[in-house]
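Proteins get letters first, then strands, A, B, ... in listed order; numbering begins at 1 in each.
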Number of protein chains: 2
Amino acid sequence: MNTSQLCLGILCLGDASGYEIKKAIEQAFSHFQATSYGSIYPTLAKLTHQGLVSFHEQTQQKRPTKKVFALTEAGRKHFFQTLMSTEPTEQHRSDFLFLMMFAHLLPNEQNRALLEKQTAHLQSELDILERIINECPTLTPGMRFTLEYGIAANRALLQLMQGRSTALLREIDAARSPTASCE
Amino acid sequence: MNTSQLCLGILCLGDASGYEIKKAIEQAFSHFQATSYGSIYPTLAKLTHQGLVSFHEQTQQKRPTKKVFALTEAGRKHFFQTLMSTEPTEQHRSDFLFLMMFAHLLPNEQNRALLEKQTAHLQSELDILERIINECPTLTPGMRFTLEYGIAANRALLQLMQGRSTALLREIDAARSPTASCE
DNA sequence: AGTAAATATATTGCCCCGATATATAACGAT
DNA sequence: ATCGTTATATATCGGGGCAATATATTTACT
């Protein structure tokens, strides 16, 4: 999934400026997609050039003029055809797990802090997703499902973290000096 | 986490060539990190220039000569200091969830195929992680934990997919023609 | 009066990924 | 016997993405 598809996807839900597209991605897709202005603005220029989107400048009182982009018919077709040929891949990047891989090299205060930060992070993600699913009754089934998916993963991981953290810290310390467990 | 840290991390576990580093990342970190030759080789050149790794050419019978890289003392220090100052972040990129977001635009045969592919993918990931954790009794506690983490997430998601898929397909169809549910 | 935060667009530089090129040899199939 | 595939091994290129930064305006709080 590249920035073009992300932009077309947002514009499929309604017209928007580059700034609004970024905000929409953060709000609707934050738990499984990310992007940046450095990707969005050049992409919108390219999509305009390709005729997949069009825009009109909208002067606003008390705000900078914004370019409001809209999907063209060609853009809608292109987006649909891409959806039909996109493989359902997933990738997970975790600096947290990388750090845990080398926990035996770190002092246990550091490991404890990492586990606490990660637990807090999972909890706050879970809270956000649950708030959205509870407060938005008009979501499409597909959108609701993406939230359920994030909630299921976060709940399971939070449970693991809460049940396993203290034992893990003890195990890491025990493995550091093998004699300790033999006496 | 960038390619430099990934390479230093692998070399911290033992000397290796660029090719072996890629294999090691695929085997040990595959469920939470990824990289490519296009990143590894330039990075190893840069790390050599910075004095964080050194290498010697090792001629092999019946195999191309390889450059075996090793951490220098400066490299070990640098890696440790980076570990100490790295934030435990996580990011998830899912084309599967992006597609589900637009499930109402796709024919339900396509949605069914996507759900089945995703279920199969989660199952195969789970199988791999469980095989590793069962067949490797000498893992450090931290390494074992990264596997437990992946297993917990995959189990929970697999359960969601198995329990929710058929109902979801019905809901998507029902939302397409709102009258259908009112008769 | 000052300053932080929000709205809005755009560029730059560094880094990363996928594809490709090159070379050798083991292995299995026909 | 040879053909194709897989594995070992290094390296580069182009397109793309991300974080940081620049610029400008206005609201809102201090």
Side-chain angles (χ1 to χ4, degrees), chain A residues 1-10 15-27 29-30 32-50 53 55-69 82 86-87 89-93 95 98, chain B residues 1-10 15-27 29-30 32-50 53 55-69 82 86-87 89-93 95 98:
Chain A
M1 196 53 51
N2 57 27
T3 306
S4 288
Q5 302 316 314
L6 282 178
C7 290
L8 294 176
I10 295 295
D15 297 355
S17 66
Y19 184 78
E20 289 162 348
I21 288 172
K22 172 119 194 292
K23 264 201 312 182
I25 291 171
E26 274 165 11
Q27 281 165 16
F29 302 160
S30 64
F32 61 91
Q33 295 289 339
T35 191
S36 65
Y37 292 126
S39 301
I40 287 176
Y41 285 108
T43 297
L44 286 171
K46 196 189 66 182
L47 290 172
T48 303
H49 184 73
Q50 292 174 337
V53 305
F55 71 91
H56 66 272
E57 300 222 340
Q58 187 173 309
T59 51
Q60 305 177 103
Q61 289 175 336
K62 321 217 167 184
R63 287 285 172 219
T65 299
K66 63 180 177 182
K67 290 185 189 171
V68 178
F69 291 87
T82 309
T86 298
E87 288 299 307
T89 59
E90 288 206 303
Q91 57 189 93
H92 180 223
R93 289 297 180 96
D95 284 3
F98 182 83
Chain B
M1 196 55 49
N2 58 27
T3 307
S4 288
Q5 302 316 313
L6 283 178
C7 290
L8 294 176
I10 295 295
D15 297 355
S17 67
Y19 184 78
E20 288 162 347
I21 288 172
K22 173 120 194 294
K23 265 201 313 181
I25 291 170
E26 274 165 11
Q27 282 165 15
F29 303 159
S30 64
F32 61 92
Q33 295 289 338
T35 191
S36 66
Y37 292 128
S39 301
I40 287 176
Y41 284 107
T43 297
L44 286 171
K46 195 189 67 180
L47 290 172
T48 303
H49 183 72
Q50 293 174 337
V53 305
F55 72 90
H56 67 272
E57 300 222 338
Q58 187 173 309
T59 52
Q60 305 176 103
Q61 289 176 337
K62 320 217 169 184
R63 286 283 173 223
T65 298
K66 64 180 177 182
K67 289 184 190 172
V68 178
F69 291 86
T82 308
T86 298
E87 288 298 306
T89 60
E90 288 206 304
Q91 57 189 93
H92 179 224
R93 289 296 181 95
D95 284 3
F98 182 83

Note to self: Nearest whole Å is fine: how far is D:dT10 C1' from B:Leu47 CG?
What the structure shows: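 Interatomic distance, CG of B:Leu47 to C1' of D:dT10: 16 Å.
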Check: Hey, which of these two, A:Lys66 or A:Pro42, hits DNA chain C nearer its 5' end, going by closest nucleotide?
Finding: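 Checking each residue's closest nucleotide, the 5'-ward one belongs to A:Lys66.
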Notebook entry, point to check: In terms of heavy-atom contacts, does NE2 of A:His56 have more than 12 from other residues, nucleotides or ligands at under 6.0 Å?
Noted result: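 Atom NE2 in A:His56 is crowded, with more than 12 foreign heavy atoms closer than 6.0 Å.
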Margin query: So which atom in B:Val53 and which in B:Leu44 form the shortest heavy-atom distance, rounded to 0.1 Å?
Written below: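 Closest heavy-atom pair between B:Val53 and B:Leu44: CG2-O, 4.2 Å.
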Item checked: Whole-Å gap separating P (D:dA9) and NZ (B:Lys67) ->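 Rounded to the whole Å, the gap is 14 Å.
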Check: Between CD1 of B:Ile10 and NZ of B:Lys22, what distance do you get to the nearest 0.5 Å?
Finding: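 Output value for this atom pair is 12.0 Å.
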Item checked: Closest non-hydrogen atom pair between A:Pro42 and A:Tyr37, with its separation ->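 It is CD-O, 3.8 Å.
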Check: What is the distance, rounded to the nearest whole Å, between atom OH of B:Tyr41 and atom P of D:dT8?
Finding: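 Spelled out: OH on B:Tyr41 to P on D:dT8 is 12 Å.
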Checklist line | Relative orientation of the end axes in the helix from C:dA1-D:dT30 to C:dT30-D:dA1, expressed as an angle to the nearest 10° (five pairs per end) | finding: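 The value is 30°.
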Notebook entry, point to check: Taking only residues two or more places apart in sequence, or in another chain, which ones meet A:Phe29 in a ring pair (Phe, Tyr, Trp, His ring centres under 6.0 Å)?
Noted result: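 Expected list: A:Phe32, B:Phe98.
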Notebook entry, point to check: Where along nucleotides 14-19 of chain C does protein come under 4.0 Å, by heavy atom, of base (B) or sugar-phosphate alone (S), with - for untouched nucleotides?
Noted result: --SBB-
Item checked: Shortest non-hydrogen contact from A:Arg93 toward B:Ala34 ->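 Looking at all heavy atoms of both residues, the closest pair is NH2-O, 3.6 Å.
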Next item on the list: Kindly compute the distance separating SG (B:Cys7) from CD1 (B:Ile40), expressed to the nearest 0.5 Å.
Entry: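 Those atoms lie 5.5 Å apart.
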Next item on the list: For A:Lys66, enumerate each residue passing the side chain to side chain donor-acceptor pair (under 3.5 Å) test, keeping only those at least two apart in sequence or located in another chain.
Entry: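 Residues passing side chain to side chain donor-acceptor pair (under 3.5 Å) with A:Lys66: A:Glu20.
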Checklist line | Flag, side chain of B:Asp95 to backbone of A:Thr89, donor-acceptor distance under 3.5 Å | finding: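 No.
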Next item on the list: List in chain and number order the residues that pass side-chain contact (heavy atoms from CB on, under 4.5 Å) with B:Thr65, two or more places apart in sequence or in another chain; answer none if no residue qualifies.
Entry: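 By the side-chain contact (heavy atoms from CB on, under 4.5 Å) rule, B:Thr65 matches B:Glu57, B:Thr59.
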Checklist line | Protein-nucleotide distance (A:Ile40, atom CD1; D:dC18, atom P), rounded to Å | finding: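 Taking CD1 of A:Ile40 and P of D:dC18, I get 9 Å after rounding.
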Notebook entry, point to check: What is the distance from CD of A:Gln5 to C1' of D:dG15, rounded to the nearest Å?
Noted result: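 Atom-to-atom, A:Gln5 to D:dG15, this comes out as 16 Å.
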Notebook entry, point to check: Do you know which of B:Ile21, B:Thr43, B:Ile25 makes side chain to side chain contact (heavy atoms under 4.5 Å, CB included) with B:Leu6?
Noted result: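 Only one of B:Ile21, B:Thr43, B:Ile25 forms a side chain to side chain contact (heavy atoms under 4.5 Å, CB included) with B:Leu6, namely B:Ile25.
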Check: Which parts of residues 18-26 of chain A get close to DNA chain D, meaning a heavy atom less than 4.0 angstrom away?
Finding: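 When residues 18-26 of chain A is checked for heavy atoms under 4.0 Å from DNA chain D, there are no hits whatsoever.
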